[in-house]
Amino acid sequence: MEVMMSDVLIKAYHGGLGDCLQFSTLPEQFSKQQGRDTYVLDESDFRNKEIYDLVWGCNPYIKGVKSGHWNAGDIPEIRFTNDNGYHSCIKNWEELHGLKPTNEYPKIYYEPKKVEGYEDCILVDLSSISITYDAEKILKLYDAVKKTHEGMVFLAVEFTNKIKDATIIEPDVTGVVEIESIFTYVDLIYSSFGVISLHSGQNHLASAIKNQYNNDLDIYCLMDDVEYQRQKKKGIFVFDNVTYLRY
């Protein structure tokens, strides 16, 4: 008798961009390795709808939204460990879900569009919601990056729809670029020379874009060294295609 595999109902406990991206490879692997369909659990919360649109709405392995038992994501039944020695939370989550570890980086299924004129630009997005930073020390790290990229245009990212509860550190920049949507943001990251951010969802998004679409993208993450060491040891949000500058 054929055993029917249950549907996968995925949800990130927290609804931020990085929180969802850490599970972005699971639906494809469930489909390819186990022949299972993945749905977004209907009780999922998102910091904004665009996170759903990008991470899940564009994912062809997501079959829709469904109610039922939460069985994928950071579910209570899974104790996240780094016992296997992986430095990638993506590969770690795949194994913890009973899959053959396949991916090192988050994945998006929206193919970015080239925006001309940004080849010599570095996007600067020093916004954060979940982590508090020492603004003075962050700006010193930022200035160090600027000194090693003379001649580049540094553009501060400003969103048309303001991010609720976000703390924004304001650096010295050449100008400002207005971002209308998360898809516009993906296009600009893909089209730019590089991006500077804090240890937030936009950094994880840039890691995915670099891996999939623009291998030459320079990504700088500015963060506290204690938090970096903690995350690296636990194998959480540290990716080897990102340059981490710490204070």
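The figures here come from the full heavy-atom set of this structure, side chains too, leaving out hydrogens, waters and symmetry mates.
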Look at the side chain of [X] and the backbone N and O of [Y], then say whether any donor-acceptor pair between them is shorter than 3.5 Å.
| X | Y | result |
| --- | --- | --- |
| Glu95 | Trp93 | no |
| His199 | Phe237 | yes |
| Glu50 | Ile182 | yes |
| Glu104 | Ser88 | no |
| Ser44 | Lys11 | no |
| Asn103 | Tyr105 | no |
| Asn71 | Leu9 | yes |

Review point. When the ring planes of Tyr13 and Trp70 are compared, do they come out parallel, tilted or perpendicular, using 30° and 60° as the limits?
Key: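 Ring orientation, 0 to 90° scale: parallel.
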
Point to revise | Residues that Lys49 engages under side chain to side chain donor-acceptor pair (under 3.5 Å), provided they are two or more places apart | key: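 By the side chain to side chain donor-acceptor pair (under 3.5 Å) rule, Lys49 matches Asp53.
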
Review point. Should Ile62 and Val40 be marked as a side chain to side chain contact (heavy atoms under 4.5 Å, CB included) after you check the CA-CA gap, both sets of side-chain angles, and the distance that decides it?
Key: CA-CA 7 Å; Ile62 290 290; Val40 175; 4.0 Å; yes

How about [X] and [Y]: do any of their side-chain heavy atoms sit closer than 4.5 Å?
| X | Y | value |
| --- | --- | --- |
| Leu21 | Ile108 | yes |
| Phe80 | Cys89 | yes |
| Gln202 | Leu123 | no |
| Tyr185 | Asp125 | yes |
| Asn203 | Ile219 | yes |
| Phe193 | Asp120 | no |
| Ile131 | Leu198 | no |
| Gln33 | Lys100 | yes |

Distance (rounded to the nearest 0.5 Å) between [X] [atom1] and [Y] [atom2]:
| X | Y | atom1 | atom2 | value |
| --- | --- | --- | --- | --- |
| Ile51 | Asp19 | CD1 | CG | 8.0 Å |
| Asp187 | Ile209 | CG | CD1 | 8.5 Å |
| Lys66 | Glu43 | NZ | CD | 14.0 Å |
| Glu111 | Cys58 | CD | SG | 11.5 Å |
| Lys232 | Phe239 | NZ | CZ | 14.0 Å |

Point to revise | Stacked cation flag Lys137 on Tyr247, 6.0 angstrom / 45 deg | key: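 No, a cation-pi geometry is absent between Lys137 and Tyr247.
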
Would [X] end up clustered with [Y] when hydrophobic side chains under 4.5 Å apart are linked, directly or stepwise?
| X | Y | result |
| --- | --- | --- |
| Tyr39 | Leu41 | no |
| Leu126 | Leu155 | yes |
| Tyr190 | Tyr220 | yes |
| Val195 | Val176 | no |
| Ile236 | Leu17 | yes |

Practice item. Show your reasoning for whether side-chain hydrogen bond (donor to acceptor under 3.5 Å, both in side chains) applies to Tyr109 and Glu28. Key: CA-CA 11 Å; Tyr109 293 82; Glu28 180 175 352; 2.5 Å; yes

**Study point:** Residue list, side chain to side chain contact (heavy atoms under 4.5 Å, CB included) with Leu26, at least two apart or on another chain
**Key:**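 Ile10, Phe23, Phe30, Glu94, His97, Leu99.
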
**Study point:** Worked check of side chain to side chain contact (heavy atoms under 4.5 Å, CB included) between Thr102 and Thr25
**Key:** CA-CA 9 Å; Thr102 303; Thr25 66; over 6 Å; no

Review point. Any chance the side chains of Asn241 and Ser207 put a donor and an acceptor closer than 3.5 Å?
Key: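 Yes - a donor-acceptor pair under 3.5 Å links their side chains.
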
Could you pull out every donor-acceptor pair under 3.5 Å between side chains of residues 166-175 and any protein atom, sequence neighbours left out?
{"residue": "Asp172", "atom": "OD2", "partner": "Lys146", "partner atom": "NZ", "Å": "3.4"}
{"residue": "Thr174", "atom": "OG1", "partner": "Phe154", "partner atom": "N", "Å": "3.0"}
{"residue": "Thr174", "atom": "OG1", "partner": "Phe154", "partner atom": "O", "Å": "3.4"}

Practice item. Would you name the heavy atoms of Leu96 and Arg79 that are closest together and state the gap between them? Key: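 That would be CD2-O, 4.3 Å.
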
Point to revise | Residue Lys114 excluded, over 12 heavy atoms near NZ under 6.0 Å | key: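 Check passes, neighbour count above 12.
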
Review point. Is atom CG of Asp143 surrounded by more than 12 heavy atoms (other residues, nucleotides or ligands) closer than 6.0 Å?
Key: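 Counting other residues, nucleotides and ligands, CG of Asp143 exceeds 12 neighbours.
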
**Study point:** Partners meeting ring-ring contact (aromatic ring centres under 6.0 Å, His included) with Tyr133 (sequence neighbours left out)
**Key:**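 Tyr133 satisfies ring-ring contact (aromatic ring centres under 6.0 Å, His included) with no residue once adjacent residues are dropped.
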
Exercise for review: Could you name each residue pair satisfying salt bridge (Lys or Arg N to Asp or Glu O under 4.0 Å) that touches residues 206-215, not counting sequence neighbours?
Suggested key: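 Sorted pair list comes back empty.
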
Exercise for review: With sequence neighbours left out, write down each residue that passes salt bridge (charged side-chain N to carboxylate O under 4.0 Å, His left out) with Asp42, or none if nothing qualifies.
Suggested key: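 Scan of Asp42 (salt bridge (charged side-chain N to carboxylate O under 4.0 Å, His left out), adjacent residues dropped) gives none.
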
